[in-house]
A.B. asks: 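Take this structure first; my questions come after.
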Amino acid sequence: MITTDFASGSPCWLDLGAPDVPAAAAFYRAVLGWEYEPMTGEEGPEGGMFRKDGKIVAGLGQLTEEGARPAWMIYHSVADADATTQAVQRAGGTVRVAPMALDDWGRMAQYSDPLGGQFAVWQPGTTKGVELVDQAGSLCWTELYTSDAAAAKEFYGGVFGWQFGDMEMPGGGGTYTLITPAGLPEDRMHGGLMQLREQDLALAGGRPYWHPVFAVTDCDAAVAAVTGNGGSVQMGPEDAEGVGRLAVCLDPAGADFVVLQPSEG
């Protein structure tokens with residue numbers, strides 16, 4: 001589960017880079033019931049916050065990076081963004097955005113892992129992260145698709161101290177690795193990683209990529225909202241034993257995410 005105490009290395013924030021901010025806001029409102037709150041001044045790219053039941057669940061911003069694909073960026077909580085940057089570099093990763101302060105809210109940095117998977121960190125100031133998680137319409141899990149699971153575990157384990165546990169997927173679907181923050185029990189698992197062939201990573205040009213999983217009360221209704229509002233479905237809906245009913249989706253601009261109706265009990 002993901003919680004808002006944001007243990008070191010756990011997901012604490014996410015934002016969407018979108019080519020059309022109003023269109024993205026309308027799509028996620030239809031699918032997840034989010035309200036969009038613009039925060040852009042007179043200058044700079046358009047952006048703001050998504051809220052669910054009045055609580056911040058994600059950020060939204062204009063996609064400005066040359067050649068970048070529309071995608072969700074997941075941020076992990078760290079005590080020291082500079083120390084994390086050094087750890088990333090020692091482990092063979094790349095700094096995409098050097099640590100920078102965002103007023104007194106906190107400091108952020110963005111990186112690529114050695115195979116090209118993009119991720120970010122947040123050093124909290126007055127803002128620790130999102131205000132709602134693990135509830136319908138909010139982040140409940142994070143997931144990395146990678147071409148080399150062993151390399152990913154070595155890199156992210158070195159950077160964040162994550163604990164890993166492997167499980168075999170039903171039907172010969174391969175191995176799924178569960179991720180837990182350093183020093184915490186298994187009930188605090190916050191994500192997973194799975195090895196795929198490079199040709200199955202076409203969404204990111206063969207590179208690994210992270211995506212968010214959002215909890216929903218009705219997976220089939222969420223999928224109907226996705227397809228009814230210009231999005232598409234890559235996989236599902238299907239039932240995963242002990243997990244729930246889920247579907248891998250793309251928004252109209254091509255950003256990937258998962259909707260999950262968790263199993264009861």
A.B. asks: Is there a side-chain contact between Thr3 and Arg188 in this structure, where contact means two heavy atoms from C-beta onward sitting under 4.5 Å apart?
C.D. replies: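 Yes, close enough: below the 4.5 Å cut-off.
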
A.B. asks: Please name the pair of heavy atoms, one in Ala24 and one in Ala18, separated by the smallest distance, quoted to 0.1 Å.
C.D. replies: CB-CB, 3.8 Å

A.B. asks: Rounded at 0.5 Å granularity, tell me how far CG in Leu102 sits from CE in Met108.
C.D. replies: 6.0 Å

A.B. asks: Between Asp251 and Tyr28, is the side chain to side chain donor-acceptor pair (under 3.5 Å) condition met? List the steps.
C.D. replies: CA-CA 8 Å; Asp251 70 18; Tyr28 287 96; 2.8 Å; yes

A.B. asks: So how far is it from Ile2 CD1 to Leu139 CG, rounded to the nearest 0.5 Å?
C.D. replies: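 One gets 4.0 Å once the value is rounded to the nearest 0.5 Å.
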
A.B. asks: side-chain contact (heavy atoms from CB on, under 4.5 Å), that's the test. Do Trp141 and Met189 meet it? Break it down for me.
C.D. replies: CA-CA 8 Å; Trp141 192 253; Met189 288 176 185; 3.9 Å; yes

A.B. asks: How close do Ala215 and Gln135 get, counting heavy atoms only, and between which atoms?
C.D. replies: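 Nearest heavy atoms, Ala215 then Gln135: CB-O, 3.5 Å.
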
A.B. asks: Any chance you could measure Gln123, atom CD, to Cys12, atom SG, to the nearest 0.5 Å?
C.D. replies: 11.0 Å

A.B. asks: With hydrophobic residues grouped by side-chain heavy-atom distances under 4.5 Å, do Met49 and Leu132 end up in a single group?
C.D. replies: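 Linked, Met49 and Leu132 end up in one cluster.
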
A.B. asks: Is there a donor-acceptor contact under 3.5 Å linking the side chains of Asp166 and Thr175?
C.D. replies: no

A.B. asks: Strictly by modelled atom types, are Thr146 and Asp148 linked by a side-chain donor-acceptor pair under 3.5 Å?
C.D. replies: no

A.B. asks: Does a salt bridge link Lys128 with Asp5, judged by any charged N lying under 4.0 Å from a carboxylate O?
C.D. replies: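 Result for this pair is no, no salt bridge flagged.
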
A.B. asks: Between Tyr145 and Asp200, do the side chains contain an N or O donor and an N or O acceptor separated by less than 3.5 Å?
C.D. replies: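 On atom types as modelled, these side chains do not qualify, holding no pair under 3.5 Å.
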
A.B. asks: Between Gln163 and Gly183, what is the shortest heavy-atom contact and its length?
C.D. replies: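 Distance-wise, the nearest heavy atoms are NE2-N, 3.4 Å.
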
A.B. asks: With no hydrogens and no angle check, just 3.5 Å: does a side-chain donor-acceptor pair link Tyr176 and Glu143?
C.D. replies: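 Glu143 and Tyr176 do have a side-chain donor-acceptor pair below 3.5 Å.
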
A.B. asks: Is it true that Trp34 and Phe27 have ring centroids separated by less than 6.0 Å?
C.D. replies: no

A.B. asks: State, to 0.1 Å, how close Leu203 and Gly254 come at their nearest heavy-atom pair, and which atoms those are.
C.D. replies: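 Here Leu203 and Gly254 meet closest at CD1-O, 4.0 Å.
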
A.B. asks: Check whether the side chains of Gln195 and Ser147 place a donor and an acceptor atom closer than 3.5 Å, and report yes or no.
C.D. replies: no

A.B. asks: Kindly give the heavy-atom pair with the smallest separation between Pro212 and Asp256, and that separation in Å.
C.D. replies: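 Minimum heavy-atom contact is CD-O, 3.8 Å.
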
A.B. asks: Take Asp218 and Arg245 through the salt bridge (charged side-chain N to carboxylate O under 4.0 Å, His left out) test and state the conclusion after the steps.
C.D. replies: CA-CA 8 Å; Asp218 186 328; Arg245 188 163 175 79; over 6 Å; no

A.B. asks: Near Lys153 NZ, under 6.0 Å, is it more than 12 heavy atoms from other residues, nucleotides or ligands?
C.D. replies: yes

A.B. asks: With a 3.5 Å cut-off and no angle check, do the side chains of Gln110 and Arg96 form a donor-acceptor pair?
C.D. replies: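 Per modelled atom types, Gln110 and Arg96 side chains form a pair under 3.5 Å.
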
A.B. asks: Please give me the minimum heavy-atom distance between Val259 and Cys249, naming the atom from each residue.
C.D. replies: CG2-SG, 4.1 Å

A.B. asks: I'd like to check Pro124 versus Ser77 (side-chain heavy atoms, cut-off strictly below 4.5 Å). Are they in contact?
C.D. replies: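 Yes, side chains in contact.
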
A.B. asks: Linking Ile, Leu, Val, Met, Phe, Trp and Tyr through side-chain heavy atoms less than 4.5 Å apart, which residues share a cluster with Val159?
C.D. replies: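 Members other than Val159 - counting any ILVMFWY side chain reachable under 4.5 Å - are Ile74, Val78, Val88, Val95, Tyr111, Phe119, Val121, Leu144, Phe155, Tyr156, Phe160, Trp162, Phe164, Ile179, Leu193, Trp210.
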
A.B. asks: Are Glu37 and Arg51 ion-paired here, with the side-chain N under 4.0 Å from a carboxylate O?
C.D. replies: yes

A.B. asks: From Leu63 CG over to Asp20 CG, what is the distance, rounded to the nearest 0.5 angstrom?
C.D. replies: 11.5 Å

